[in-house]
> 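Before anything else, here's the structure in question.
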Amino acid sequence: MIPNAKPTASHFINGAYVEDKTGAPIDVIYAATGELVAQVHEATEALVDSALDAATAAQKIWAAMTGTERGRILRRAADIMRERNRDLSVLETIDTGKPLQETLVADATSGADALEYFGGLAASLTGEHIDLGGDFVYTRREPLGVVVGIGAWNYPTQICCWKAAPALACGNAIVFKPSEETPLCALQVAEILTEAGAPAGLINIVQGRGAVGAKLVTDARVAKVSLTGSVPTGRKVAAAAAEGLKHVTMELGGKSPLVIFDDADLDDAVSGAINGNFYSSGQVCSNGTRVFVQKGIKEAFLTRLADRLKGAVIGDPLDENVNFGPMVSARQLDIVKTYIAKGQAEGARLVAGGNCPDGAGNFIEPTVFADVSDDMTIAREEIFGPVMAVLDFDTEAEALARANDTEFGLAAGVFTRDIHRAHRMVAGFEAGTCYINSYNDAPVEAPFGGSKLSGIGRENSKAAINHYSELKTVYVGMGKVEAAF
Ligand code: NDP
């Protein structure tokens, strides 16, 4: 039995749930069975307009509060999220199909971390004083105004919190549009923040497909757009935002390299490759999907990996013993199947998985290809599914050059016991987030984001503050004003 996941209403605007069935319906399908579990409706133009009006008004009230007061509300929201972690995790599982075993530790908890971290920073956001030996300058750190957040479907709670927490800490208001695939979780974030004391209108959730997102991006009331999505959408959204010279943060896709040297701890390296390819059934932007293994350990690596894959428990993600769930949608499953067929057609060696288990749901086995070459489609394009490509290499210089030979630059990892080599490799990686003897950890304290086509800006950490606020410079004259005439 799937627990009831029906939301109170489709949207959350100006501090309350709002229903309006005029907009096109969006079905919420449980990915493990194909059952319809809820339905929401796209926001009409009038609803988008009311969300932006509410945000504009709330932002002024919020920015007039002290950072301490704002921080207290964010931290209270973090506490409520943690108290409700189980219910929120069940909802996340129903919304996305990710195993409850994962969502219990990775979604509302990560969202709560962001609210707590940025809530803690809110009171200490300051400008600076610059002495000019008489005259002086001070800077004020000011909010941007209304921020629009647009989310992908893989981490609907986390993405909403990763955008809302720094935006609100800096004194902005937010209008967030979830992915049409996963509309449910962000509503809970807005409800919790409101319960914690956020003024009505500070966080608004509007449902819709790309067109609703596009409407938000081009609205004159909006000062900043933060998107998590694919590179093609990022290009469109950044171009639309550029018309109004709006600030942007772009968290986009990747095809990240994970380089494993002969001297690596083999078990750790296999664990890193599993975490970097099969967590959330491979639907993670920073996944290390090009696994470069030095020739000396290639066969040992593949043998150990095959052994560890026997531990994958595929099934209903609401069952806490299951550690590998379905793809989010039938459409995404088809994309993954097409890539697997391409891998086989282009001559890669399928060493594990590749099949869809019998029965309903968007399931596909964790899949590993060996003997992959750099020019194969599965080594060049982001699949966003559980497909690992193993490539072999001889030398460090060769591995680095091939790792960087991609238009993406989100993440990169290296497994080796040689500390000099590890630091040489990360210094050479063209990627925003690098890992040494670890993979895919994303604590809120650390900046996260991409280079090259993988994005602009950084989420999390103190670095995010610069992307959600701007400095105003105030020059103060202390003497007589001289003029040429
Ligand atoms: P999409 O790019 O298809 O969609 C992202 C969001 O943008 C959705 O809410 C989508 O709405 C919306 N959108 C689509 N077109 C427009 C438009 N013209 N204007 C405004 N908004 C628009 O990505 P997916 O949802 O398919 O997510 C997968 C992608 O996200 C992968 O490439 C992945 O790598 C990336 N990603 C990046 C992360 C990062 O932090 N770097 C993290 C997670 C995912 P709708 O859903 O209705 O299409």
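Every number for a ligand or one of its atoms is a count from 1 in the order of the listing.
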> Are side-chain heavy atoms of Trp162 and Tyr155 found at a separation under 4.5 Å?
no

> Non-hydrogen atoms of Leu227 versus ligand 1: any pair closer than 4.0 Å?
yes

> For ligand 1, is any non-hydrogen atom under 4.0 Å from Leu216's backbone (N, CA, C, O), its side chain (CB onward), both, or neither?
neither

> Could you tell me if Tyr117 and Glu445 have a donor-acceptor pair between their side chains, going purely by distance under 3.5 Å?
no

> Looking only at protein heavy atoms, identify the closest one to atom 26 (O) of ligand 1 and say how far it is in Å.
Trp153 NE1, 3.0 Å

> Any chance you could lay out the salt bridge (charged side-chain N to carboxylate O under 4.0 Å, His left out) test for Glu195 and Arg84, step after step, and finish with the verdict?
CA-CA 13 Å; Glu195 196 177 323; Arg84 295 187 194 157; 2.7 Å; yes

> Identify, for atom 33 (C) of ligand 1, the protein heavy atom at the shortest distance, and state residue, atom and that distance.
Phe384 CE1, 3.1 Å

> Taking C-beta and beyond as the side chain, do Cys170 and Ile465 meet within less than 4.5 Å on heavy atoms?
yes

> So, is Glu382 polar-close to ligand 1, with some N/O to N/O distance under 3.5 Å?
yes

> Quick test: of every protein heavy atom, which one is nearest to atom 35 (C) of ligand 1, and how far off is it to 0.1 Å?
Gly229 O, 3.0 Å

> Of all the heavy atoms in Phe448, does at least one lie under 4.0 Å from an atom in ligand 1?
yes

> Could you state the interatomic distance from CH2 (Trp62) to CD1 (Ile203), rounded to the nearest 0.5 Å?
10.5 Å

> Looking at atom 39 (C) of ligand 1, what's its closest protein heavy atom, distance included?
Cys285 SG, 3.0 Å

> Can you pull out the closest protein heavy atom to atom 4 (O) of ligand 1? Residue, atom name and distance to 0.1 Å, please.
Thr233 OG1, 4.2 Å

> Could you pull out, from Lys177, Arg331, Lys236, Glu180, the option with a heavy atom nearest to atom 11 (O) of ligand 1?
Lys177

> So that I can tick it off, tell me whether Arg82 and Asp113 are bridged by a salt bridge, with the cut-off set at under 4.0 angstrom between side-chain N and carboxylate O.
yes

> Answer with yes or no whether the side chains of Thr367 and Glu365 bring together a donor and an acceptor at under 3.5 Å.
no

> May I ask you to check whether Lys163 and Thr228 show a side-chain donor-acceptor distance below 3.5 Å?
yes

> Contact between Asn362 and Arg331 at the side-chain level, heavy atoms closer than 4.5 Å - yes or no?
no

> Do me a favour and list the nearest non-hydrogen protein atom to atom 6 (C) of ligand 1 with residue, atom name and distance?
Gly151 O, 3.3 Å

> Which of the numbered atoms in ligand 1 are below 4.0 angstrom from a heavy atom of Gly253?
32 (O), 34 (O)

> Is Lys452 close to Phe408 at the side-chain level, that is, under 4.5 Å between some pair of heavy atoms?
no

> To check your reading of the model: name the closest protein heavy atom to atom 7 (O) of ligand 1, its residue, and the distance in Å.
Ile150 CG2, 3.3 Å

> Is Val217 in polar range of ligand 1, meaning some N or O pair under 3.5 Å apart?
no

> Applying a strict 4.0 Å limit to heavy atoms, is Gly234 in contact with ligand 1?
no

> Less than 4.5 Å apart, any side-chain heavy atom of Val225 and any of Val222?
yes

> Is Lys98 salt-bridged to Asp107, cutoff N-O under 4.0 Å?
yes

> Is there a nitrogen or oxygen of Asn154 sitting under 3.5 Å from a nitrogen or oxygen of ligand 1?
no

> Provide the closest heavy-atom pair for Val206 versus Ala43 in the form atom of the first, atom of the second, distance.
CB-CB, 4.0 Å

> Within the structure provided, determine whether Asn355 and Ile364 are in side-chain contact (heavy-atom separation under 4.5 Å).
no

> Evaluate Thr228 for polar contact with ligand 1, using N/O atom pairs at a separation under 3.5 Å.
no

> Enumerate the atoms of ligand 1 whose separation from the nearest heavy atom of Ala214 is less than 4.0 angstrom.
19 (N), 20 (C)

> Going by the atom numbers of ligand 1, which of them fall below 4.0 Å from some non-hydrogen atom of Leu410?
41 (N)

> Show me which atoms of ligand 1 lie under 4.0 Å from any heavy atom of Gly208.
47 (O)

> Side chain or backbone, does Leu252 bring an N or O within less than 3.5 Å of an N or O on ligand 1?
yes

> Ignoring hydrogens and angles, state whether a donor on the side chain of Asp441 or Ser438 is under 3.5 Å from an acceptor on the partner side chain.
yes

> What's the shortest distance from atom 23 (O) of ligand 1 to any protein heavy atom, and which residue and atom give it?
Ser230 N, 3.5 Å

> Taking only heavy atoms of Ala152 into account, list the atoms of ligand 1 that are under 4.0 Å away from them.
25 (O), 27 (O), 30 (O), 44 (C)

> Consider every N or O of Gly213 and every N or O of ligand 1, then say whether any pair is closer than 3.5 Å.
no

> In this structure, does ligand 1 have an atom that sits under 4.0 Å from one of the heavy atoms of Glu181?
no

